[in-house]
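In what follows, every chain begins at residue 1, and chains take the letters A, B, ... in the order their sequences are listed.
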Number of protein chains: 2
Amino acid sequence: MNYDDVVSLKHATLGLLTYGPASGYDLLQKFRDSLANVWPATQSQLYGELGKLADAGLVTVAAEGPRGRKEYAITPEGSAELRHWLGEVPPAPNRRSEMLLRVFFLGMLTPEQAQDYLNDRATVAAELQGELRELAKTVDPDSGPLAVYGRLALEWALRFSAMQQEWATWAAEEVRRAQDGAAAD
Amino acid sequence: MNYDDVVSLKHATLGLLTYGPASGYDLLQKFRDSLANVWPATQSQLYGELGKLADAGLVTVAAEGPRGRKEYAITPEGSAELRHWLGEVPPAPNRRSEMLLRVFFLGMLTPEQAQDYLNDRATVAAELQGELRELAKTVDPDSGPLAVYGRLALEWALRFSAMQQEWATWAAEEVRRAQDGAAAD
DNA sequence: CTGTGCATGTAATCCGTTACATGATTTA
DNA sequence: TAAATCATGTAACGGATTACATGCACAG
């Protein structure tokens, strides 16, 4: 009861189960393969969550297999809950950025170190973009509903990494300018 | 002992204390005023953290005031720890995005609902950008070290919200196109 | 003298991570 | 028959949020 609305592991699990019944073990791989960069989950967490979802009637054990395998399926209640969450619960914005927290305190380092930090961000972002571009090549352009929306997510990541790279490069430049300005005084 | 390196409330607190001694109460306001969108902290958490930082010798109670007020100051060890974290510990990227998690399951809704979701993202991003632009006007361009690096963070947020808005608008368009394509079959 | 703000703390609960623990089944 | 994989679970710990609880000091 009062199984909270805001927590998303629940919805990630329900979402994956809409693609068909699966065991905890199966789901764990789907989390690793497709949701790793969006909503990671550990084994420990997932088995606990499946128990709670079953207790709440949002999933059921549809079949049992060898080695104690329990195959879970989403129930109509689970499906309704997922749609409710998707359509009616406003998404919570990300509230924490370790990267930006560090930016706030970069004044504690020398300007050179601050520039190093920002240039490193640019490099990391550029590398990420390279990997994403490789990934984009391997995605089948028309294979099921996951491909349509998976591509939207991939495009977001491409744009994000581009933005991050441009910003970090600009910011390092900005620090250099401030440094020059201070030296001229 | 083994007071973990990865946790950033510690560093956020040390960082704020580099601007001068402050009580838990003072710090709480600084968290609300300047770090709310980067690293929020609750009262409960902060008082606990200050105790741990004091035990670890990274801060000290520099003065006591009325109403049991304890004014904390960062120690040389705390300052060294902050610089170590800033310069040598690689930042952890954000691993979770509820917004993108939802995108992965937008196929469970009707295409119209999916477009609504994406258009709402665009609207929210546009509103955020408006607020940030207002904020940018009020920031004194040359007032101390926080202004230099605070401006970098603000610029990041401006670029991020612009990117988000453009992406969401594009993505809604993309869903419409897929819908038209399916209708044509 | 009353309300507002200053000021600190504790308890309960939940989410997430790491590590521990166990065992069955298939495949080479 | 040994190794890899399938498969599930528990325990310990720490971080984050919400709520509870208390009380002093100052301004009007």
Side-chain angles (χ1 to χ4, degrees), chain A residues 1-13 21-33 35-56 59 61-72 92-98 101, chain B residues 1-14 21-33 35-56 59 61-72 85 92-98 101:
Chain A
M1 194 105 325
N2 200 15
Y3 181 17
D4 204 318
D5 228 21
V6 154
V7 174
S8 300
L9 176 60
K10 171 177 159 183
H11 302 106
T13 308
S23 68
Y25 192 86
D26 295 340
L27 288 171
L28 204 58
Q29 275 164 283
K30 292 191 187 186
F31 268 98
R32 285 201 230 284
D33 295 346
L35 295 184
N37 301 309
V38 166
W39 205 272
T42 62
Q43 182 254 41
S44 195
Q45 220 186 335
L46 184 53
Y47 282 109
E49 191 64 34
L50 284 167
K52 284 191 238 169
L53 286 166
D55 289 348
V59 304
V61 178
E64 305 209 14
R67 277 161 297 194
R69 177 187 172 91
K70 285 188 249 179
E71 208 163 63
Y72 291 93
N94 270 358
R95 303 176 60 74
R96 288 188 165 83
S97 168
E98 189 182 322
L101 177 63
Chain B
M1 193 106 327
N2 201 16
Y3 181 18
D4 206 317
D5 229 21
V6 153
V7 175
S8 299
L9 175 61
K10 172 178 159 182
H11 302 106
T13 308
L14 290 173
S23 66
Y25 192 87
D26 295 340
L27 287 171
L28 204 57
Q29 276 163 281
K30 292 191 186 186
F31 268 98
R32 286 201 230 283
D33 295 346
L35 295 185
N37 302 308
V38 166
W39 205 271
T42 62
Q43 182 253 41
S44 195
Q45 219 187 337
L46 184 53
Y47 282 108
E49 191 66 31
L50 284 166
K52 283 191 238 170
L53 286 166
D55 289 348
V59 304
V61 178
E64 306 208 13
R67 278 160 296 191
R69 175 188 173 90
K70 285 187 249 178
E71 208 163 64
Y72 291 93
W85 175 72
N94 270 358
R95 305 177 60 73
R96 289 187 164 82
S97 167
E98 189 183 322
L101 178 63

(request) Mind checking side-chain hydrogen bond (donor to acceptor under 3.5 Å, both in side chains) for A:Gln45 and listing every partner two or more places apart, or none if nothing turns up? (result) none

(request) List the atom of A:Leu9, the atom of A:Thr13, and the distance in Å for their closest heavy-atom pair. (result) O-OG1, 2.7 Å

(request) Using atom CG of A:Leu50 as one end and atom P of C:dG16 as the other, report the distance to the nearest whole Å. (result) 14 Å

Review item, nucleotides 18-28 of chain D N/O atoms under 3.5 Å of protein N/O:
unit_1, atom_1, unit_2, atom_2, d
D:dT18, O4, B:Ser44, OG, 2.9

(request) Check whether any side-chain N or O of B:Lys52 sits under 4.0 Å from OP1 or OP2 of D:dG14, and answer yes or no. (result) no

(request) Check every atom of D:dA7, C:dC15, C:dA7 against the side chain of A:Arg69 and return the nucleotide holding the closest atom. (result) D:dA7

(message) On DNA chain D, compare the nucleotides closest to A:Leu28 and B:Trp39; which residue's is nearer the 5' end?
(response) A:Leu28

(message) Minimum heavy-atom separation for A:Tyr72 and A:Ala54, please, with both atom names.
(response) CE2-CB, 4.5 Å

(request) Taking all heavy atoms of B:Gly24 and all of B:Leu50, pick out the closest pair and write down the distance. (result) CA-CD1, 3.6 Å

(message) What contact category does B:Arg96 fall into here, base, sugar-phosphate, or nothing, at under 4.0 angstrom with non-hydrogen atoms?
(response) sugar-phosphate

(request) Using the test side-chain contact (heavy atoms from CB on, under 4.5 Å), find all partners of A:Leu35 that sit at least two apart in sequence or belong to another chain. (result) A:Ala12, A:Leu16, A:Phe31, B:Leu101, B:Phe104, B:Phe105

(message) Whether B:Tyr47 contacts C:dG9 is assessed here as follows: a side-chain N or O lying under 4.0 Å from the phosphate OP1 or OP2. Is that the case?
(response) no

(request) Please determine, for the side chain of B:Tyr72, which listed nucleotide (C:dG9, D:dG15, D:dT5) has the closest atom? (result) C:dG9

